[in-house]
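To start, the structure itself, in structure tokens.
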Protein chains: 2
Amino acid sequence: MPPELIAVLIAVSDDRPMVLTLEGGRLLPSGPLEAGHRSLQTGLRLWVEHQTGHALGHVEQLYTFADAPADVGPDGRRVLISYLALTRIRRGERGWRGWYDYFPWEDQTAPEGRDLVLRIVQLLDEWAARASSAAEQEARRQRVALTFGLEGLGWDDELVLQRYELLWEAALVPESASPGAAVLPGLGMARDERRVLATAMARLRAKIRYRPVIYELMPDSFTLLHLQRTVEAVAGQPMHKQNFRRLVAQQGLIEETGEVAPDTRGRPARLFRFRREVIGARRIAGSKLPLARPI
Amino acid sequence: MPPELIAVLIAVSDDRPMVLTLEGGRLLPSGPLEAGHRSLQTGLRLWVEHQTGHALGHVEQLYTFADAPADVGPDGRRVLISYLALTRIRRGERGWRGWYDYFPWEDQTAPEGRDLVLRIVQLLDEWAARASSAAEQEARRQRVALTFGLEGLGWDDELVLQRYELLWEAALVPESASPGAAVLPGLGMARDERRVLATAMARLRAKIRYRPVIYELMPDSFTLLHLQRTVEAVAGQPMHKQNFRRLVAQQGLIEETGEVAPDTRGRPARLFRFRREVIGARRIAGSKLPLARPI
DNA sequence: CTAGATTATGCTCAACATGAGCATAAAGGT
DNA sequence: ACCTTTATGCTCATGTTGAGCATAATCTAG
């Protein structure tokens, strides 16, 4: 069985990060590496275009997964080479789903997400208490505290995969080997797809901090608030407005279009565009995420 | 043909970063994924132990490569899943080579490395001038400036792979499709191994900035200067001594052993050890590399 | 025994970055 | 005219970073 190529296509629409899925949201675009493919990336592009009609722009390799030995079929082991692609939704495309539909606890901008985390931590505390030895109990508690930012550690938005795997072990998600009684809200996916999605979310959240990739998700022109809302949606965390603007301004990556946003409430906002020229011209940082306290 | 697992084992000895090789330094430990392997990592561990006798500690996946279509053999395409492992050299082990033997231009702590870069930039300028169109010439020049830190951009120690691929394109390394007359100093390797090594170097250089992985490369007890020299050796850049100590001290990751380094010149230095307990207890940063100007 | 030479270690300073919040501006709606 | 809403400018305290001065302990050469 040849390795399989699998893609996580991300776009942001109405301040919601979206992922392109197949089969009612249970699968991601994927297909086996074939002899005719010129490279891994070309193979990936062909499969995605064939299955979704979406032509990919910039693409980045994520991680290579292998099936657990229990799942090894007659043709051998399934090896998944995963990719992240940032793009924009095109008119009439179907299959886009909000990524927080799959990971509702990852949205810490809304009170629902924060409440959900409180409930999860309770359930995980019970799980920790069920460990056989005292040492294992303590180890579990420390892991919960670390991944969910308890005890003054603060929420780390990049620990998406670690949180998912903890929930998986605690049998709180439908994919778990023997899901417990309390299954959390959040759609499941087939096979390993939700782990692949979690990996993509973590990588994107990490990347917007040190590369200006957020602009790949923006329309041609946008207001500063729109940009902030997009970053917040991806990071799942609210940010301080004035500091965000200061940061974006001093990076010099955008310029005014001279126009003003239409149909807005309040004082009209100036429109900006990304300066494509600067890419390549110098080394550039992303947004360092000026965080705000949860409201 | 099943995917192949390949490992870059790194250690630091006498302030020189070393890599574990086979076949006279031309190969890295590797072997195909087999049905009996419980996971990719287990497969990798088995192969490395079988081929080198070295049991691996912590391991991290790097990148998955595929052969160029021209190199696809009768059994199909070769897919390489690469890993980085940090370790220490054990007594009597053979096959360890200095990584700067393969990438001499990556050592910017020594004047030889800096002089070599000057020569390389000259050769690349000529290569840029040989481009067919003016636009392509300009694009090449910009790429050279970016990857080699010209025009006030500063040397970026993480661009190991980008520099290697640029030299490859300019036919300045023995692996190039048609190596030119001027082949640079630096050992070549078989197949894609030198690209894998470059990827590992870049990842390690990036990682010591935000995770305390440098301690995986240190002996049980060490002086602050020894720690600094190790970081400098990995990063290939000199650092400011006092600032380095301030940084390390404020991280609270090490503690004094109470002893003093033996057989030292100058004022004797206190010995420190890494506090293994703090791993997992909190989220911790690496060394932010207080850089010094090239001397 | 003393003057270097050599490495260790403590401390200061300026420049800049970051988190927080006050204040004012410019729209639309009642 | 006033209130609501969003945009935008500015200040302030604190922390981080790059650079370098000064002093402390050791050894070696003369």
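Lettering of chains follows the sequences in order, A, B, ..., and the numbering in each one begins at 1.
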Distances for protein N or O near nucleotides 23-30 of chain D N or O, under 3.5 Å:
| from | atom 1 | to | atom 2 | distance (Å) |
| --- | --- | --- | --- | --- |
| D:dA24 | O4' | B:R267 | NH1 | 3.4 |
| D:dA24 | N3 | B:R267 | NH1 | 3.2 |
| D:dA25 | O4' | B:R267 | NE | 3.4 |

Please report, rounded to the nearest Å, how far the [atom2] atom of [N] is from the [atom1] atom of [X].
X	N	atom1	atom2	value
B:R229	C:dT6	CZ	P	14 Å
B:L247	C:dG10	CG	P	16 Å
A:H226	D:dA7	NE2	C1'	16 Å
A:H240	C:dG21	NE2	P	7 Å
A:N243	C:dA17	CG	P	13 Å
A:Q242	C:dA17	CD	P	19 Å
B:Q251	D:dT16	CD	P	11 Å
A:Q228	C:dG19	CD	P	13 Å

* Asked: Could A:E165 and A:R195 be called an ion pair, given the rule that one side-chain N must be under 4.0 Å from one carboxylate O?
  ->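 Yes, this pair counts.
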
* Pair A:R16 + A:D101: basic N to acidic O under 4.0 Å ->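 Answer for the salt bridge query: yes.
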
Would you say a side-chain N or O of [X] is under 4.0 Å from OP1 or OP2 of [N]?
X	N	result
B:K241	C:dT7	no
B:R270	C:dT9	yes
B:R246	C:dC13	no

* Selection from C:dT9, C:dT7, D:dT8 that lies nearest to any side-chain heavy atom of B:R245 ->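 Between C:dT9, C:dT7, D:dT8, the one nearest the side chain of B:R245 would be C:dT9.
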
* To do: From the options B:K207, B:R209, B:R163, B:R205, select the one residue that forms a salt bridge (charged side-chain N to carboxylate O under 4.0 Å, His left out) with B:E158.
  =>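 It is B:R209; the other options fail the test.
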
* Non-hydrogen atoms of A:R88 and A:L217 that approach each other most closely ->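 Smallest interatomic distance, heavy atoms only, reads NE-C, 4.3 Å.
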
* Should the pair A:Y215 and A:F274 be assigned to parallel (<30°), tilted (30 to 60°) or perpendicular (>60°) ring geometry? ->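 Rings of A:Y215 and A:F274: parallel, as their planes differ by under 30°.
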
* **DNA chain D: 5'-proximal contact among A:T223 and B:Q250 (nearest heavy atom)** =>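 By nearest-heavy-atom nucleotide position, the 5'-most residue is A:T223.
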
* Asked: A:F272 and A:L224: side chain to side chain contact (heavy atoms under 4.5 Å, CB included), yes or no, with the steps?
  -> CA-CA 7 Å; A:F272 291 82; A:L224 292 181; 3.6 Å; yes

* Asked: Under the side chain to side chain donor-acceptor pair (under 3.5 Å) criterion, do A:E232 and A:Q228 qualify, and how do the steps go?
  -> CA-CA 6 Å; A:E232 288 175 332; A:Q228 181 180 344; 3.1 Å; yes

